[in-house]
Amino acid sequence: MKSEPDAFSIDDLKKVKVEPWDGIRNYQARNFMRDQMQIGDQVLFYHSNCDEVGIVGLMKVSSKPYPDPTAFDKKSKYFDPKSDPVNPRWMLVDVRFVKKLKRTVTLSELKQYSQLDGMQLLKKGNRLSIMPVEKSHWDFIFSIV
DNA sequence: GCCAACGTTGGC
DNA sequence: GCCAACGTTGGC
């Protein structure tokens, strides 16, 4: 799961411990939260759009999917008048801090490993902020960190 | 700040 | 249903 550290970083998550992953307004990303994630699933935290782009931490899914409250909040920048509380358009999960990695595994480093060929994060033009990680890729990342 | 890639919107 | 226009993402 990606976040811009200026908006919400791994250090912010460490402080608050649990965070609703709100503001996702992309259907594919929503579908992963709504249809795939289970409580306890482990998640990589990725910093995007910053000086040191890459994987910075580990967290866990800590809630079932539920409607994103910011979609109903007129004062929120994520307000979506098309999301109806009776039939909510946007769903999210809570995530819980597990740990910060000893070092950032940068995007440029990730691109150098043939073991990670085909990883969705590394595909050209990838703009998804939430995506699945294959077990082999996951295991490799933790073998080098 | 630039720009490629992608998603969404809306006219037809 | 097509597609141009537009907005956003995100690396560099």
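Atoms considered below: every heavy atom in the structure, side chains included; atoms not considered: hydrogens, waters and symmetry mates. A, B, ... follow the sequence lines: proteins, then strands. Residue 1 opens every chain. Please read all numbers here as calculations on a predicted model, not as lab measurements.
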Ring-ring centroid check [X] [Y], cutoff 6.0 Å:
| X | Y | result |
| --- | --- | --- |
| Trp21(A) | Phe32(A) | no |
| Tyr113(A) | Phe140(A) | yes |
| Trp90(A) | Tyr27(A) | yes |

Quickly work out the [X] [atom1] to [N] [atom2] distance and round it to whole Å.
| X | N | atom1 | atom2 | result |
| --- | --- | --- | --- | --- |
| Ile130(A) | dG7(B) | CD1 | P | 15 Å |
| Asp80(A) | dG7(B) | CG | C1' | 15 Å |
| Asp51(A) | dC12(C) | CG | C1' | 12 Å |
| Arg30(A) | dT8(B) | CZ | C1' | 14 Å |
| Lys77(A) | dT8(C) | NZ | C1' | 12 Å |

Counting any heavy atom closer than 4.0 Å, what does Gln28(A) reach on the DNA or RNA strands: base, sugar-phosphate only, or nothing?
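Sugar-phosphate, backbone atoms only, no base.
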Taking only the side-chain heavy atoms of Asn26(A) (C-beta and beyond), determine which of dG7(B), dG10(C), dG11(C) contains the nearest atom.
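Among dG7(B), dG10(C), dG11(C), the one nearest the side chain of Asn26(A) is dG7(B).
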By nearest atom, which of the nucleotides dG10(C), dT9(B), dG11(C) is closest to the Lys82(A) side chain?
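Output: dT9(B).
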When you compare the protein's N or O atoms with those of nucleotides 3-5 of chain C, which come within less than 3.5 Å of each other, and at what distance?
none

Partner of Thr70(A) under side-chain hydrogen bond (donor to acceptor under 3.5 Å, both in side chains), chosen from Lys77(A), Arg25(A), Lys75(A)
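So the option named by the test is Arg25(A).
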Close approaches to DNA chain B from residues 107-126 of chain A, in residue order (heavy atom, under 4.0 Å):
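Heavy-atom contacts with DNA chain B come from Lys124(A), Gly125(A).
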Residue-phosphate contact under 4.0 Å: Tyr46(A) side-chain N/O, dG11(C) OP1/OP2
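Tyr46(A) to dG11(C) OP1/OP2: side-chain N or O found under 4.0 Å.
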Can you tell me if NZ on Lys64(A) sees more than 12 non-hydrogen neighbours from other groups inside 6.0 Å?
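Not more than 12 within 6.0 Å, no.
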Does CG belonging to Asp35(A) count more than 12 external heavy atoms closer than 6.0 Å?
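More than 12 within 6.0 Å, yes.
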